[in-house]
2 protein chains.
Amino acid sequence: MDDAVPPAAPPQRRARQPRQATTERRAEILRAAAHTFGSKGYKNGSLAEVAEQVGITHAGVLHHFGSKEALLVEVLEYRDKEDVRDLEGQHIPDGIELFQHLVRTARMNVERRGIVQGYTVLTGESVTEDHPARGWVTNRFTILRGEIQAAIVEVGGGDVPADVAAQAASAIIGVMDGLQVQWLLDDEVDLPAATQFAIEAILTAALLGTGRPHPLR
Amino acid sequence: MDDAVPPAAPPQRRARQPRQATTERRAEILRAAAHTFGSKGYKNGSLAEVAEQVGITHAGVLHHFGSKEALLVEVLEYRDKEDVRDLEGQHIPDGIELFQHLVRTARMNVERRGIVQGYTVLTGESVTEDHPARGWVTNRFTILRGEIQAAIVEVGGGDVPADVAAQAASAIIGVMDGLQVQWLLDDEVDLPAATQFAIEAILTAALLGTGRPHPLR
DNA sequence: AGCCAGTTACTGACAAGTCAGTAAGTTAAC
DNA sequence: GTTAACTTACTGACTTGTCAGTAACTGGCT
């Protein structure tokens, strides 16, 4: 593939770094992309629409991210990093605090419709064949399930069987996501109240027989 | 629908009905469209792909349905009719039987991955702005919530407050949908077991104080 | 029984648009 | 003066939808 050796080793010149303002510019693009993919979906959202929000052309976006799929991947990674940053300092909640945190999140989400919609659209889309976000979504579910399952076991003092804890963990995640969909389509659905009700119900059922019922409130 | 009187009928031209085999052909197309929209989504699924499955061109599909959006609407109506046909004869379950029916459905769904995926993809997509399936999905949720809420009140002997029953109904639908997403992405999730566990938990919580706990099994 | 007008059920070609991605040129920061 | 950060211009692949033309079927009239 390659030809004769260039005489001496080509001493790579300097100035190979991006400019100072570029990091923030890329972050701007990522936020715009998160907004577009969130409201229109990945397939239906276009690079042109993303570019317009930051005042450049779609080719400019491709200059930074190479391809639409690579942009999506970076959006997802960016969101992960943001989530971690939000929790910085304050320890990651475990045990009973995790469930209080989940209920609080549901309450906050009512004021963040756009973010909720983005999560919902992308998650739904991801179950299609060969979707570029599939791995990310699957992994996110796996991690979350593990954390919630561990918290259930901890709250139950180790008396909750693993399979019951696993089912309850899946159910808690499921009910949160499913209620978000209904709330997005119909404001009559009381997202925080229904979420709290369901989490308490599932948690109580999981702890049945451990002598620690009605854990929240 | 019209012209019940052949005798003095106006000299309308004849042969205004579709052909005999057409009904079945349209059904074929609807099934193909359900499959395509289900696996690829509505936006990402093309008329050409639908047409190929029944051995015609995309223009042939448009001949029958006029537009892609009209095709989607007919797919959804077709599925509704099928659901009704499945329940024909056997009365629509109410009271405690409704919840047994929901758990049975979850068990059946494990063997109908394609249908579940179609429902999931379309539901997720529908929360985007101006999606043609939005009204259908919203309506479906409203009807379902009403039925489940009524069943909860019935099982509770009228002692369950309306808002509690409403929250529980939303939660039951939500947990079923949310668990389906997780199961589609990861077979490790035990869809039937987690669904049954969650429905029992939510129902039990809703009936608390009515003297009728642990309603299923 | 056979014809035939009117219609249905298509096909193939094309219009008009959107999309991601590429190549080459320009400007300004380092 | 090199190179990052763009823009403009363009390509090719797909999209839905329209249209004219054609074969096949249907129902009524002889």
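Since the structure is predicted, the reported quantities are computational estimates derived from the model, not experimental observations. Order of the sequence lines sets the chain letters (A, B, ...), proteins ahead of strands, with each chain counted from 1.
Taking every heavy atom of both residues into account, B:Gly174 and A:Gln182 meet most closely at N-NE2, 3.2 Å. Taking all atoms of both residues into account, the shortest heavy-atom contact from B:Ile152 to B:Ala206 is CG2-CB, 4.2 Å.
In this structure, of D:dC6, C:dG21, D:dT16, it is C:dG21 that holds the atom nearest to the side chain of A:Leu62.
Judged by the 6.0 Å and 45° rule, B:Lys68 forms a cation-pi pair with B:Tyr42.
Atom pair B:Leu71:CG and D:dG17:C1' shows a separation of 14 Å (rounding to whole Å applied). Across the protein-nucleic acid pair, B:His64 atom NE2 and D:dG17 atom P stand 16 Å apart, rounded to whole Å. Taking atom NE2 of residue B:His63 and atom P of nucleotide C:dT11, one finds them 10 Å apart after rounding to whole Å. If you take NZ of B:Lys68 and P of C:dT18, they are 15 Å apart, rounded to a whole angstrom. Distance, A:Lys40 NZ to C:dC19 C1': 13 Å, rounded to whole Å. Atom CG of A:Leu72 and atom C1' of C:dC19 are 16 Å apart (whole Å). Counting to the nearest Å, the P atom of D:dC14 and the CG atom of B:Leu47 are 16 Å from each other. One interatomic measurement links the two molecules: CG of A:Asn44 to P of C:dC19, which rounds to 8 Å at whole-angstrom precision.
Listed by chain and residue number, nothing satisfies the side-chain hydrogen bond (donor to acceptor under 3.5 Å, both in side chains) test with A:Arg79 (two or more places apart in sequence, or in another chain). With sequence neighbours excluded, no residue forms a side-chain hydrogen bond (donor to acceptor under 3.5 Å, both in side chains) with A:Asp163. Evaluation of the side-chain hydrogen bond (donor to acceptor under 3.5 Å, both in side chains) rule for A:Gln180 yields no partner, not counting sequence neighbours. B:Glu74 meets the side-chain hydrogen bond (donor to acceptor under 3.5 Å, both in side chains) test with B:Arg26; sequence neighbours excluded.
With hydrogens and angles disregarded, a donor-acceptor distance shorter than 3.5 Å links the side chain of B:Arg25 to the backbone of B:Val54. With B:Thr128 contributing its side chain and B:Glu125 its backbone, the two residues share a donor-acceptor pair below 3.5 Å.
Between D:dC6 and A:Arg25, a contact under 4.0 Å exists linking OP1 or OP2 to a side-chain N or O.
Looking at residues 28-35 of chain A, you'll see that no heavy atom sits under 4.0 Å from any atom of DNA chain D. Taken residue by residue, residues 51-61 of chain A places heavy atoms nearer than 4.0 Å to DNA chain D at A:Gly55, A:Ile56, A:Thr57, A:Ala59, A:Gly60.
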